[in-house]
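See below for the structure under consideration.
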Amino acid sequence: MKMRTSSALRSPHLFFLPKTTSFSITRHSFSLPAKILCIQGKLAAFELDGSSSLKPVAATLLIVEKEEAKAVLALFLKRHGLSNTTVAKTISKSDLFLECLVSRLHVLHETCDLTGRELTNMEIREALNPYLEALLLQHGDTFIDMMEHFPHPTPEVKSSLQSTPLKLDLDQKKLPGVVIGSKRPKAMARVSETVPAEELPPHVIYLIELGLDLEKIRVITRKFPSFAYYSLEGKVKPLVEFLLELGVPKSEIPNVLYKRPQLCGVSLSENLIPTMKYLEELGVNKHKWSKLILWFPNLLTYSREKIDSAVSFLKEMGLSKETIGKVITRYPHIVSYSVEDKLRPAVQYFSSMGVDVAVVMQRWPQIFGLSMDGTLRPLIEFFLEKGYSMEEVAAMISKSGSLYTISLSKNLLPKWEFFLYMGYSRSDLVKFPAYFSYSLEGRIKPRYALMELCGVRLMLNQLLPPSDVSLDKTLKAKMKKMEKSNG
């Protein structure tokens, strides 16, 4: 379901903190100012009948749980198609709704209120996600309006309430969010384990025979209730036969459908095949569709607008039509990234370093999907701290973008330390940054030991890339040359 955003009334905040205050979503890692300027007299919990509960709740605990409720809500919105920017704006306007989410946590876990015990991440997710799903089913396109104007519904929200009244289970011991009369419970009932095998829907029986077990089908149905109602002859079977024609192994089709069950709801003639033809016109290798689908079946379910957005940006970077096709073939995930939230910031960051972003995109498109703060900047800082200039770091990245796929602590650092032990010049890494892509125990150490045993010295690009046979020839030739010069 596609949700839309709208302007909202400003809601009063539960806490007034300095604008510079930042929080980490990880538990036990909050850094709070010594003095909270003001805490309004908001209620710690809403009673089920609408009255208030005056139970005191530790301010720090409320802040922690509010931030974690915010994180759950953000992931929920992103999962339903909103961009990072839109999610951030929406949440910033939904303070009272967030207070309601935190209140639900305390209603469900009353024992936590006075003791100060923190709820686990699992408890928070299990408490909030069903409730959010229920509200989304109830409000549909007015879901965002409801959040931003909570608890005062707009005319559109009132209309949705009148058309689809929400009835929640008010037992505090149970999770909220079960929608009576909604599609989900009815859909789940169709694939329940209590249903005799012969009475399951025809397409479900077909998929089970294909190798997709019932439990996975139930997981899919819980996320996409419409899955329980797909036609065997009209949707599922034609899709499976089409995938087989493309070369997707029969044994892998259950995995493909589990990864992207939406494929079953896509029209072959009106959506899927035209999308494939369009991608082929862009240069995607038509002979590699089976591999692409196995790796990233999501690609075939994206709208033309989504694909065009990524393609236009790649053209803006200076990539030719042929190159764009190769990039998508090599790394189809590139189409899934938001241009404004992911691709453009990464390109601007690399450009500021002097990196040829077009070259990096052609060779290592996967690095543009990495976290800026979690992966990209730490790697740059690592080499700068080791004495390399920004120009040298840029040259290394341009030559070997795979550096960003390597763990800093578990991989890069041990190899750096062994590099120093081998006694090579620091400039040798600028010439051959691919050194970090080789196995330390399986390649680097054994070959270095062999070189030392032979009493010769090879450059890194002579030592590591060649096959064992080629290396043996190189070492013998080097030893023979040394013998002549010494003789």
Side-chain angles (χ1 to χ4, degrees), residues 285 287-288 290-291 294-295 322-323 325-327 329-331 350 354-367 370 375 379-380 382-487:
N285 191 332
H287 300 296
K288 294 188 177 181
S290 60
K291 291 183 178 180
L294 284 173
W295 189 19
E322 180 183 2
T323 302
K326 290 180 179 178
V327 168
T329 302
R330 182 180 298 120
Y331 192 69
F350 286 127
V355 173
D356 189 333
V357 290
V359 171
V360 175
M361 177 61 80
Q362 291 178 51
R363 297 179 179 176
W364 306 282
Q366 64 271 27
I367 72 173
L370 299 176
T375 304
L379 182 74
I380 302 300
F382 173 83
F383 284 110
L384 292 177
E385 290 172 359
K386 302 306 179 186
Y388 289 94
S389 67
M390 187 62 82
E391 291 74 17
E392 289 174 323
V393 175
M396 293 168 70
I397 294 170
S398 297
K399 292 177 182 177
S400 183
S402 59
L403 281 172
Y404 281 114
T405 65
I406 298 173
S407 168
L408 191 60
S409 60
K410 298 179 180 179
N411 203 320
L412 199 69
L413 187 57
K415 290 177 183 177
W416 166 259
E417 292 173 348
F418 192 73
F419 171 78
L420 296 178
Y421 170 78
M422 292 189 295
Y424 281 96
S425 168
R426 298 163 76 92
S427 63
D428 286 331
L429 276 184
V430 180
K431 299 174 183 176
F432 190 68
Y435 160 81
F436 290 103
S437 65
Y438 291 96
S439 167
L440 181 59
E441 300 297 332
R443 190 83 161 188
I444 299 173
K445 286 185 177 180
R447 291 206 167 184
Y448 173 73
L450 180 61
M451 181 181 71
E452 286 290 290
L453 184 63
C454 294
V456 298
R457 190 74 168 175
L458 299 178
M459 296 173 63
L460 288 174
N461 62 350
Q462 295 176 313
L463 179 65
L464 298 176
S467 65
D468 291 339
V469 174
S470 298
L471 178 63
D472 183 60
K473 291 180 180 179
T474 302
L475 288 173
K476 288 179 179 178
K478 193 79 171 179
M479 292 170 64
K480 189 174 182 179
K481 186 176 180 180
M482 285 184 62
E483 289 174 359
K484 287 182 177 180
S485 61
N486 292 333

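Given the structure is predicted, the values throughout are model-derived calculations rather than measurements.
Remark: side-chain polar atoms of Tyr435 are paired, donor with acceptor, to backbone N or O of Lys415 under 3.5 angstrom. Put simply, the side chain of Ser398 never gets that close to the backbone of Val355: no donor and acceptor are under 3.5 Å apart.
Taken from CE in Met390 to CG in Leu384, the straight-line distance is 5.0 Å, to the nearest 0.5 Å.
The environment of NZ in Lys291 is sparse: at most 12 heavy-atom neighbours from other residues, nucleotides or ligands sit within 6.0 Å. In the displayed structure, Lys399 atom NZ is contacted under 6.0 Å by more than 12 heavy atoms of other residues, nucleotides or ligands. With a 6.0 Å radius and a threshold of 12 heavy atoms from other residues, nucleotides or ligands, Glu322 has its CD atom at or below the threshold.
A centroid separation of less than 6.0 Å is found between the aromatic rings of Phe418 and Tyr421.
Across all non-hydrogen atoms, the minimal contact from Gln462 to Leu471 is O-CD1, 3.9 Å.
For the pair Asp468 and Arg447, the salt-bridge criterion is met [side-chain N within less than 4.0 Å of a carboxylate O].
Here the side chains of Leu379 and Phe383 are in contact, with some heavy-atom distance below 4.5 Å.
Ring-plane geometry between Tyr424 and Phe419 is classed as parallel, the angle between the planes falling under 30 degrees on a 0 to 90 degree scale with a further cut at 60.
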For the pair Tyr388 and Phe382, evaluate side-chain contact (heavy atoms from CB on, under 4.5 Å) and give the outcome as yes or no after the intermediate values.
CA-CA 9 Å; Tyr388 289 94; Phe382 173 83; over 6 Å; no
